Amino acid sequence: MADHDRRQPAGGHNNRKRRYRDDDDYDRRPQRRRYDVPLPVRIRKQLLGLAESPLRRWHEEVQSIAHVVADNYEDEELRTSFLELIPQILLEQPLKTPFVAAVVLVVNSLKPAILDDILARVASVTEEKVKVGEWRDVKLYLKFLACLQSCLEGDGLFPFLEELFSRAVDLQTASSDDTIGTEIVKIILLTVPYIMAAAPARWQQKAAELMDKTDVIASEPHALQALIDPYYAEEGTESPTANMSLIGLLQKQLQNEAMNDWELSCLPRPWQMPLEETEQQDKLDSAQKHAFPNITVPEKVVAGPRPLFPEIYFSVYVNQDIESVPPVSSIASSLIRDGLLDTINILDFNRGATARFLIDVDCYFAPGTFVKRATPFDRLRDIDGDRSTWKPEDVAVDAVFSQLFALPTPEHKLVYYHSVLTEACKIAPAAVAPSLGRAIRYSYQNTHQLDLELCYRFLDWFTHHLSNFGFMWKWIEWVDDVTLPEMHPRKALILGALDKEIRLSFAQRIKGTLPEPYQTLITPEKELDTPEFKYNNDHTPFAAEGREIAALLKRKAPDEEIQPVIDRIHSAALDQSIDPLVSSTDVFTTAVCWVGSKSLSHVLACIERTKDRLLDAGAASEAARAQIITAVIAYWSAHPGVAITIIEKLLNYSIITPGAVIDWALVGDRAGSCGQALSKAWVFELVFDTVVKVTSRLRQVVNSGTTDGTEEEVAGMRELFKSMEDALISWAQGIKDQIMDPAVSDGGEDLVKRWGERWLRVFRRRSAIEEAYLLENRATS
């Protein structure tokens, strides 16, 4: 008992607890180890987050970073990190270039020696990019150097720009089709505004002299411009973008700015400090100047890895009663678009970051450039005086659409641009969705004059986008177009959109999203899980043989068991005076489709097992090859997307040829009578995908470096384009026999001719691009 008392004195344990509890200074929670972020990491984080928040003031961010760098530049790790980060951020986050330049200018006012290191580093990477033809990177580095013009000795950047221009003149003199010279002039014209924003008063004369020189090239339409115009206007009308060459617009815009003393109101000037920072502003104004580093331009400049084409300014917000995007008369339209396009195309590895930059576009331009985010379009009318009515969401959406509608091809796969718009909608649905709605309506209303390839790009994006948001759209707006003829461009677009939606979902669900007048456009056949097997009907010719072959295929019977059934079909066909091979091919291919109708893997497995027989049939005659395609399309007529996928696999196995697909679609009336095939979205998809397969194969062979098979591939491609030209020109000129059919009378023949012209333009452009590629490849090899 005594031991127990000694171990636990009465109340002692409780008193100890109470004493701890009463001690306010005691924190019993485990303490987290304090961690000071290393300076290089802190600087990197601050630079990467520069100007991203509208709540932080530019000049405070800029000065904070600059002082830390200047005070700690002797730290080798910080110095190395800073010098590596500057060129990197200029390429990966081009919207921040003026703000990065402002940091460097403040650093120069504190420690001038640092700027020599930065100039040397940027000049070195610029020279490398010029040598290899990475012209976008050259443009981004020059934009940065232009922002530093106020701290450069002599004429600063101007002598280098004049040297670049002399190369452009040489290239244009050698060939009017040259695109490198055009690209160089575009870079010069996009650099000048940043020089003038950095040091406006001093360089007006130099800018005027340079622009006098560029006018010679910029004002002349490029030979390829008509080929890549996003519109194909009807005869007697002018394309809305007929005078929208980007360098031509830039030249006029800069001339207007020169007349207004280089106001450049959209550009941020983070190197101009507010009134309370007069001391820092004085330091900036009196900072040491530095010699512009030497950048050597090779005598012969190259095009680089990206194909270059003249650019046309495209907008889906033209002709509105209120301007929600900068007009083409304003330099802001080109400068803002240029920054956004660089961001979109450079950050293709992170669509989320790209979408965030698009949403935050108003952070990177001068205050007052845009209205408040998510301002409804109707409220723009209430804005007084000379205040801007430009919506940041419209400007961002417009930039993405300009890439979706870029000809001949955008820089990245189209699905990337789809995903950027989807991400933007998810980040700011209330702001972006109305802007997208107006872009959709504009594209739909102008589908009759858009280039045909762009119509189908729009169709793909529109249906893909709806699939991400419950397939909801205000279809009631287009209800009057449901009664139009099926060959009318708007009705054809509606039919194509519904087919694509069903591919991405199923017919019953899509039907549930449509108003009553649209219901008849989705036929009962589209609602079936698998199409009917026509040989289940005893009235169908060769019904018994069709069912027997299907049963044999289902139990994976050897070819020896199938041959007797084929022989019976041949015998019966001869008795009826019809082509026996075509008859047996139809039965056999239809049976393959039915057996494989459960899924794509099933049909591929079935084709794999029967490919020898299909190869023999395809090689036997042109009619049999055509019948293979006919049988596949006929079985999957309610779901043409599945048929196109199967035909693509048949092309891979060489069971059918690209020429057979083109003949089937464009010669005769197998894909639709009286030219109606030309208005069907799935027919264009089938033909376009086939042509892309051929041209991709050709490029693969050419790029392999071997000459084996190259000439055969080139000859095959040219033959394919020739057969398309022959087939389409007769539709376009109205000399096709089928066009005289009464079914297309009462103006229908004009629609057919118009469709023929639009098809012809697309594939003439594809042919010209491939020929130019072959020519360039021979010149460089």
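The residues of the chain are indexed from 1 along the displayed sequence. Given the structure is predicted, the values throughout are model-derived calculations rather than measurements.
Scanning for ring pair (Phe, Tyr, Trp, His ring centres under 6.0 Å) contacts around His488 gives an empty result, with sequence neighbours left out. Scored by the ring pair (Phe, Tyr, Trp, His ring centres under 6.0 Å) test, His412 finds Tyr416 as partners (sequence neighbours excluded). Under the side chain to side chain donor-acceptor pair (under 3.5 Å) criterion, Tyr442 pairs with Tyr231, sequence neighbours left out.
Here the SG atom belonging to Cys455 is positioned 9.0 Å from the CZ atom belonging to Phe684, to the nearest 0.5 angstrom. Between Ile312 atom CD1 and Ser402 atom OG the span is 12.0 Å, to the nearest 0.5 Å. In this structure, Leu774 CG and Thr695 OG1 are separated by 10.5 Å, a value rounded to the nearest 0.5 Å. A distance of 13.0 Å separates OH in Tyr535 from CH2 in Trp594, rounded to the nearest 0.5 Å. Taking CD1 of Ile656 as the reference point, atom CD1 of Ile647 lies at 5.5 Å (rounded to 0.5 Å). Atom OG1 of Thr585 and atom CD1 of Ile629 lie 12.0 Å apart (nearest 0.5 Å).
Thr540 places a side-chain N or O within 3.5 Å of a backbone atom of Lys534 that can act as its donor or acceptor partner. With hydrogens and angles disregarded, no donor-acceptor distance shorter than 3.5 Å links the side chain of Thr589 to the backbone of Asp586. In terms of modelled atom types and a separation under 3.5 Å, the side chain of Ser679 and the main chain of Gln676 share a donor-acceptor contact. The main-chain N or O of Leu171 is never found under 3.5 Å from a side-chain atom of Ser175 such that the two would form a donor-acceptor pair. Looking at Glu238, its side chain never comes within 3.5 Å of a backbone N or O of Ala233 through a donor-acceptor pair. Checked by atom type and distance alone, the side chain of Arg699 never pairs as donor or acceptor with a backbone atom of Glu770 at under 3.5 Å. Judged by distance alone, with hydrogens and angles left aside, the side-chain atoms of Trp755 form no donor-acceptor pair with the main-chain N or O of Pro489 at under 3.5 Å. Checking side-chain atoms of Arg337 against main-chain N and O of Phe314 turns up a donor-acceptor pair under 3.5 Å. Here the side chain of Lys753 pairs no donor or acceptor atom with the backbone of Gln733 at under 3.5 angstrom. Remark: the backbone N or O of Thr463 is not paired with any side-chain donor or acceptor of Lys500 at under 3.5 angstrom.
The side-chain contact (heavy atoms from CB on, under 4.5 Å) test with Val661 singles out one residue from Thr690, Ile644, Val691, Leu720, and that residue is Thr690. For the side-chain contact (heavy atoms from CB on, under 4.5 Å) test with Thr182, the passing option among Glu220, Gln225, His222 is His222; the others fail.
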Using the rule given for side-chain contact (heavy atoms from CB on, under 4.5 Å), can you reason through Asp663 versus Arg625, listing the C-alpha separation, both sets of side-chain angles and the distance that settles it, and then say yes or no? CA-CA 10 Å; Asp663 287 346; Arg625 281 197 298 276; over 6 Å; no

Applying salt bridge (Lys or Arg N to Asp or Glu O under 4.0 Å), run through Asp726 and Lys722 and close with a yes or a no. CA-CA 6 Å; Asp726 294 343; Lys722 184 178 183 303; 3.2 Å; yes

Give the intermediate values and the outcome of salt bridge (Lys or Arg N to Asp or Glu O under 4.0 Å) for residues Lys139 and Asp342. CA-CA 10 Å; Lys139 176 187 71 177; Asp342 287 339; 3.0 Å; yes

side-chain contact (heavy atoms from CB on, under 4.5 Å) assessment of Thr447 paired with Leu459: CA-CA 10 Å; Thr447 188; Leu459 182 64; over 6 Å; no

Dump the intermediate steps for side-chain contact (heavy atoms from CB on, under 4.5 Å) on Arg613 and Ile566, then the final yes or no. CA-CA 11 Å; Arg613 178 170 290 281; Ile566 298 292; 3.8 Å; yes

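Note on Arg754 versus Asp750: no salt bridge recorded, every NZ/NE/NH1/NH2 to OD/OE distance being 4.0 Å or above. Checked for salt-bridge contact, Arg761 and Glu757 miss the test: no charged N lies under 4.0 Å from a carboxylate O. A salt bridge links Lys186 with Glu183: the closest approach of a Lys/Arg side-chain nitrogen to an acidic carboxylate oxygen falls below 4.0 angstrom.
Note on ring orientation: taking the six-membered ring where Trp is involved, the planes of Phe763 and Trp759 are tilted (angle from 30° to 60°). Note on ring orientation: taking the six-membered ring where Trp is involved, the planes of Trp664 and Trp682 are tilted (angle from 30° to 60°).
With no hydrogens or angles considered, a side-chain donor-acceptor pair links Ser599 and His602 at under 3.5 Å. Between the side chains of Asp451 and Tyr456, no donor N or O sits under 3.5 Å from an acceptor N or O.
Val592 places none of its side-chain heavy atoms less than 4.5 Å from the side chain of Arg609. With contacts defined as side-chain heavy-atom distances shorter than 4.5 Å, the pair Ser584/Leu581 qualifies. Under the 4.5 Å side-chain criterion, counting only non-hydrogen atoms from C-beta, Ile549 is in contact with Ile569. In this structure, the side chains of Leu728 and Leu678 come closer than 4.5 Å at one or more pairs of heavy atoms. With contacts defined as side-chain heavy-atom distances shorter than 4.5 Å, the pair Pro240/Gln449 qualifies. Between Phe401 and Ser443 there is a side-chain heavy-atom pair separated by less than 4.5 Å. No side-chain heavy atom of Ser767 sits under 4.5 Å from any side-chain heavy atom of Arg718. For the pair Leu615 and Tyr653, the minimum side-chain heavy-atom distance is 4.5 Å or more.
When all heavy atoms of Lys491 and Glu486 are compared, the closest pair comes out as CG-CA, 3.8 Å. The minimum heavy-atom distance linking Leu227 with Ala768 is given by the pair CD2-CB, 4.0 Å. What you find for Cys606 and Thr610 is that their closest heavy atoms are O-OG1, 2.8 Å. Considering all non-hydrogen atoms of both residues, Leu421 and His465 come closest at O-CE1, 4.2 Å. Here the shortest heavy-atom pairing between Leu407 and Pro230 reads CD1-CA, 4.1 Å. Leu308 and Ile180 get closest at one heavy-atom pair: CD1-CA, 4.0 Å.
Environment of CD in Glu771: crowded, with over 12 heavy atoms of neighbouring residues, nucleotides or ligands closer than 6.0 Å. Surrounding CD of Gln563 are more than 12 heavy atoms belonging to other residues, nucleotides or ligands, all under 6.0 Å away. At most 12 heavy atoms of other shown residues, nucleotides or ligands fall within 6.0 angstrom of atom CD in Glu622.
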